[in-house]
Amino acid sequence: MQILLRLLVLGLVVGAIMKVALQPGSNTEKRGKVISVDSRKFWKTPGSYSMKQVEPHKNTQMLEMAKAEMGDKNTNQDILAPEESSLVQLKEPLKIVHLDLKGAAPKITYFEQIFPLLSTLGATGVLLEYEDMFPYEGNLTILRSPYAYSLEDIKKIRTLAKLNNLEVIPLVQVFGHLEFILKHEKFVKLREVAAFPNSLNPLAPGTGALVIDMATQVLSKHPETRWFHIGADEVFGLGQSQESQNWLHANGGTVGKLFLNHVTTVSHAIVEKHPGIRLLMWDDMIRASNVDDIKKSHLPRIASPVIWKYLPDFDPENIKSLISKYETSGFKSVWFASAFKGASGIDQRWTPVEHHLKNHLVWLKVIESMPKYPSISYQGIVLTGWQRYEHFSVLCELLPVAIPSLVVCLQALKYDGNMNKAKGEADHILGCSVQLEKGICEGSGAFPGSELYHMIYHIHTNLQQETDNMMNNFKGIFTRYHKKYNFGNPRNLGFYIVKLKKLQQNWETYLNNFRIQLEAIYFPDTVEEWMEENVNQHMDSLQSTVEDVERIIALNGRPKLTSALL
């Protein structure tokens, strides 16, 4: 009897081993459904990821480069079918604060202060647009800023976010806004327009490998993330390269199809390497796309459009028409994007709070309309805080300057536009009283960076005005003409030199203290740029005027020179 039992058990074990050995690959179970996809077929064979409705590249080098980059490491890794991962179930829509790190990236110590505040305000996550602040490795090491975060810093940011119940959503541009890459000689060949570093040529050999490498490196350091933002906005110049022109001619396509072709290809590659992840993308490039083209691209299966509008008085009906279009196109979810800073002027120094508040109040009207669209789910809003309009432009207002705006906007969302409650809560959290019309927070303030907030306001309000007023004191008695010919009345100049030097001394003392506050939050490159753009021209003018006036006074009223000073 024992022998029969042993033979029976042995037979069951052998049968199980043979069954496993004969399976083509391991399966991943999602929501009770087992799905198996051979990842080797993705680049070659139409299927659930097929792009056959969007004409394939005649030039297949980009796909081959991307395939080579991905390799065959994941040959047996099953991935979640797009239609199964189209929607993340949420208790309520998310409120994500965008931190644009392509300018004025704060030190880790400021994250330690700001993340608890965001959590208190009701934010549920942060969208981190790293750009050159990510510690890229290998072939991408050249992309790093000299002050890029270390791998340990990235880990610390994630830990801080988790401690404060904040989702971290990384953002890596895969098409446009790639100046930080395409400015390097090494990658110039990947430009869509040879003279401009804005956008990738989607058909250039190496393009696919590049963006997949970037996405893979960033995602490998954010293993817990549920969403990944691929940017894909403002792809300037698309369709102008010879390769793109050839593709458009050969496929009878449009620039919209060319855009969808690249974004969908990259999206599938990312999802294949990171099963179950949901992609987000700015929506501006697909606003004009044909509904059928969007459907055929299969992009709605794995990505969600983030509809953005930053004006304080935009028409919500225009947004509603986009929602309807995206619903018809097959998208299962949609996000919105407002702005709490950085979208009111390319060199904006002081955040106009009321401007951004009005933007959020209009968005509330759009959010209220979502029940009209039963087939598309509203999953969250991103409160963008742009730090530069693009890699080569100057800094917009610094984050501490915009904290009152962020607080007011988040509270407006929390209380559904009830500004009595929203403002009362905002004032309590900030430790100062927000004056919407004036765009200031009156009082000492108790928020991270409040000292810097008040010092920047003083500079913003007084430095240029005081220096201009001082120069007006010299009107008629000391002009460019006097400096050019080296003459002037020492009696008249003597009335003002003491005041001039006193003003210079007061500002030098103030700015030395200001610089200490600035350096506590920001790296040297940010400090230098902000001072150069907002301070140095006025202080240089004061210094130059002091030197010139002292020189002319020392001449004791001599005749002007017969030729100009060189």
Side-chain angles (χ1 to χ4, degrees), residues 28 30-31 33 35-54 56 63 66-67 70 74 77-90 94 127 167 169-175 202 208 211-212 214-216 218-219 222-223 225-233 256-283 285-286 289 291-307 325-335 375-380 382:
T28 301
K30 297 289 183 179
R31 300 181 189 172
K33 189 173 182 179
I35 303 161
S36 179
V37 178
D38 187 347
S39 64
R40 289 172 296 183
K41 296 179 179 179
F42 165 63
W43 296 106
K44 304 175 184 178
T45 307
S48 64
Y49 283 165
S50 172
M51 289 176 57
K52 62 182 178 180
Q53 292 89 345
V54 177
L63 299 182
K67 178 183 174 184
M70 293 176 66
N74 296 325
Q77 182 179 5
D78 298 325
I79 59 179
L80 188 62
E83 56 268 29
E84 292 296 317
S85 65
S86 61
L87 188 64
V88 176
Q89 299 299 323
L90 300 170
L94 300 179
L127 176 65
E167 294 243 12
I169 303 176
L171 187 156
V172 173
Q173 288 281 2
V174 300
F175 214 163
V211 294
I212 292 167
M214 285 195 301
T216 298
V218 172
L219 280 169
H222 297 81
T225 188
R226 294 191 288 176
W227 287 277
F228 182 66
H229 201 308
I230 61 172
D233 60 317
K257 283 187 177 181
L258 180 60
F259 171 82
L260 290 168
N261 197 33
H262 173 75
V263 170
T264 307
T265 300
V266 170
S267 297
H268 285 322
I270 293 171
V271 170
E272 184 176 28
K273 290 182 73 70
H274 302 275
I277 199 166
R278 183 67 186 175
L279 303 181
L280 307 178
M281 60 180 290
W282 305 122
D283 83 305
M285 291 297 294
I286 58 173
S289 293
V291 168
D292 288 338
D293 290 341
I294 297 174
K295 284 182 177 180
K296 292 175 182 178
S297 73
H298 294 303
L299 185 62
R301 294 184 176 182
I302 52 174
S304 297
V306 183
I307 305 175
K325 174 179 180 176
Y326 297 152
E327 181 182 39
T328 304
S329 299
F331 287 105
K332 299 302 181 184
S333 62
V334 66
W335 293 59
S375 299
I376 189 168
S377 171
Y378 163 57
Q379 293 210 297
V382 178

>> Would Val382 and His229 count as a side chain to side chain contact (heavy atoms under 4.5 Å, CB included) here? Give the steps.
In response: CA-CA 11 Å; Val382 178; His229 201 308; 5.7 Å; no
> Can you name the ring pair (Phe, Tyr, Trp, His ring centres under 6.0 Å) partners of Phe228, sequence neighbours left out?
Replying inline: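 Scan of Phe228 (ring pair (Phe, Tyr, Trp, His ring centres under 6.0 Å), adjacent residues dropped) gives none.
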>> Is there a side chain to side chain contact (heavy atoms under 4.5 Å, CB included) between Leu219 and Ile270? Walk through the geometry before answering.
In response: CA-CA 9 Å; Leu219 280 169; Ile270 293 171; 3.8 Å; yes
Nearest-0.5 Å distance that lies between atom [atom1] in [X] and atom [atom2] in [Y]:
X      : Y      : atom1 : atom2 : answer
His262 : Thr264 : NE2   : OG1   : 10.0 Å
Ile376 : Ser304 : CD1   : OG    : 7.5 Å
Asp233 : Ile286 : CG    : CD1   : 11.5 Å
Leu279 : Ile169 : CG    : CD1   : 11.5 Å
Trp227 : Leu94  : CH2   : CG    : 4.5 Å
Leu260 : Ile294 : CG    : CD1   : 6.0 Å

May I ask you to test the [X]-[Y] pair for a side-chain heavy-atom distance under 4.5 Å?
X      : Y      : result
Lys273 : Ile212 : yes
Met281 : Ser267 : no
Trp282 : Leu171 : yes

Considering all heavy atoms, the nearest [X]-[Y] contact:
X      : Y      : answer
His274 : Thr216 : NE2-CA, 4.2 Å
Ser297 : His268 : O-NE2, 4.4 Å
Ala303 : Phe331 : O-CD2, 3.3 Å
Ser375 : Glu327 : N-OE2, 2.9 Å
Gly256 : Ser289 : CA-OG, 4.3 Å
Gln173 : Gly231 : OE1-CA, 3.3 Å

>> I'd like to check the side chain to side chain contact (heavy atoms under 4.5 Å, CB included) partners of Val211; sequence neighbours left out, ordered by chain and number.
In response: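 In terms of side chain to side chain contact (heavy atoms under 4.5 Å, CB included), with neighbours along the sequence ignored, Val211 is linked to Val174, Leu200, Met214, Val266.
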>> Going by side chain to side chain donor-acceptor pair (under 3.5 Å), name the residues that satisfy it together with Glu167, two or more places apart in sequence or in a different chain.
In response: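 For Glu167 the side chain to side chain donor-acceptor pair (under 3.5 Å) partners, ignoring immediate neighbours, are Arg226.
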